[in-house]
Amino acid sequence: MRFIIYCRKSTDTEDKQLLSLESQEKELLQIAQIQGLNVVKIFQESMSAKAPGRPIFNEMMTMIMSEQADAILCWKIDRLTRNPVDGGQIQWLLQKGNIQAIQTFEKTYFPHDNVLIMSIEQAMANQYIRELSVNVKRGNRAKLERGDYPGPAPYGYLNDKATKTIVIDKKLAPYVKQMFTLYASGSHSFQDISEILYAKGLRTAQGKKVFKSQVQKILNRSFYMGIMERHGKVYIGNHPLIVSKQLYDTAQSVMHVTSRPRPHKHFFPVRGYLICNKCGCALTASIKKGHHYYYCTNGKGICDQHKSYIRENDIYKLVAKTFDSIKFSERKIELMYRAAKDRAQNESTDKQFVVTNIQNLLDTLTKKESLLLDTLLAQQISQDLYQEKVNDIKKERIDLKRQLDSAKKSSALLTLEPIKKAFQDANKAKTDFLKAPDEEKRVMIEKLLWNLLIEDKNVAQTKFKPAYQAMANAPKNGTISQMLPDRDSNPDRRHQKP
Ligand SMILES: [Zn+2]
């Protein structure tokens with residue numbers, strides 16, 4: 001093997017403890033000599049590896065790709081790279097065999113080792129932890145904010161004038177807690193809660209029901225779980241808590257994930273997706289004598305289907321049956337997937353590694369964020385520092401997403417996973433649909449169907465969303481390539497109604 005020695009030291013603090021370039025080179029040459037390695041070139045670079053674009057590193061890569069060398073000797077693996085783009089490139093060259101080994105002071109890595117990506121993550125994590133612990137000390141040294149809340153106490157609390165602190169309002173606090181508990185259950189709207197609590201004795205100063213907007217406002221206040229937000233900054237309060245962070249988080253996720261409060265009245269999942277085949281009017285749905293029916297609205301006043309009431313359950317069966325036409329066996333899906341993957345791999349680049357890498361880093365950021373909040377809540381860092389770190393994370397995330405987008409644009413392999421997923425979803429659509437609760441039925445229909453034309457209590461014609469229409473049209477016994485949808489019919493893409 002022909003080795004390149006690569007020494008790197010950056011000017012930032014991350015490398016303060018590290019051997020100088022000269023010492024790295026000296027040590028590495030010694031290793032080479034002892035082990036009898038054939039060194040064809042020595043590179044020295046003084047530059048951070050946090051971002052791609054190191055000229056000497058790139059020169060080394062060019063040498064390797066043009067087969068003038070096939071192994072790297074460096075002090076530690078983190079000398080090579082600390083960013084996902086360069087990391088992906090090295091991982092790819094390792095996998096392809098252009099790089100046959102990476103030897104470090106401690107150990108040798110071979111093509112089958114998946115160690116590089118892990119080590120980049122590790123390096124980033126270590127550095128983060130190092131910075132954080134330094135900052136924790138700095139934060140502890142600085143005066144911790146007193147945690148007092150200025151101004152009138154929020155709903156559910158009182159100002160204790162004697163001690164100048166915030167105390168629990170024993171009358172209202174239990175209602176506040178109930179608001180959170182009720183809302184977190186996911187089955188009550190703000191209006192529901194106002195009414196339930198009215199029945200339990202909660203009144204405004206005027207003796208009325210609490211406004212639903214106030215319920216919403218209360219549910220959005222992190223003060224109740226101990227966090228004070230002021231002027232866009234976050235502080236830890238020393239006031240007593242009314243709800244736990246967990247309960248607060250659950251209520252928040254109900255509010256933001258399901259976005260709309262559960263309605264009182266029955267929700268018709270298929271409404272808007274059924275068209276009368278005779279007159280072209282939409283079918284509507286209503287409750288008659290305790291049963292749920294769908295029927296033609298007869299908007300033009302000429303339709304004999306008007307009297308044809310279809311029970312909700314029968315509609316579900318009809319919808320489920322249409323999903324038969326987009327069903328492929330698991331085995332066939334796997335075959336198609338592998339064939340397409342082979343094809344894509346031939347045209348593939350190192351981009352897929354970059355993408356995996358960046359996705360992992362994005363996950364790490366999310367973990368960092370929650371770690372930070374825990375640290376703040378444990379009063380180990382000041383809120384200023386917290387804010388600063390949160391902003392750093394935001395910037396880093398924006399940066400990574402940009403890198404991810406540009407990497408994704410050029411990888412054919414990445415569109416394969418969603419396509420496979422779409423086939424698998426389609427395969428299970430029939431069973432899933434019948435089992436799904438109403439809200440999920442709706443989600444499935446939105447994803448799969450344009451509409452169904454209905455006539456005489458039966459399906460006259462089915463129109464799927466484009467990607468799924470391609471599956472429905474595909475010959476179920478055709479060749480694999482006939483059945484694969486075009487790359488353009490990525491099912492995740494939003495389509496305009498024709
Ligand atoms: Zn009609």
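Whatever order the structure lists them in is the order used to number ligands and atoms, beginning at 1.
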Could you go through residues 198-206 and list every donor-acceptor pair under 3.5 Å that involves a side-chain atom there, pairing it with any protein atom two or more places apart or in another chain?
residue, atom, partner, partner atom, Å
Lys200, NZ, Gln178, OE1, 3.0
Arg203, NH1, Tyr198, O, 2.8
Thr204, OG1, Gln206, N, 3.2
Thr204, OG1, Gly207, N, 3.4
Thr204, OG1, Lys208, N, 3.0

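- Looking at Asp192 and Lys212, no side-chain N of the basic residue comes within less than 4.0 Å of a carboxylate O on the acidic one, giving no salt bridge.
- Between Asp425 and Lys421 there is a salt bridge, with a side-chain nitrogen of the basic residue lying less than 4.0 Å from a carboxylate oxygen of the acidic one.
- Not counting sequence neighbours, the partners of Lys278 by the side chain to side chain contact (heavy atoms under 4.5 Å, CB included) test are Cys276, Cys303, Asp304, Gln305, Glu455.
- Counting only protein N, O or S atoms, 4 lie closer than 2.8 Å to the Zn ion (ligand 1).
- Residue pairs meeting the salt bridge (Lys or Arg N to Asp or Glu O under 4.0 Å) criterion with at least one member in residues 238-247, sequence neighbours excluded: Lys245-Asp249.
- For the residue pair Gln469 and Asn473, a side-chain donor N or O sits within less than 3.5 Å of a side-chain acceptor on the partner.
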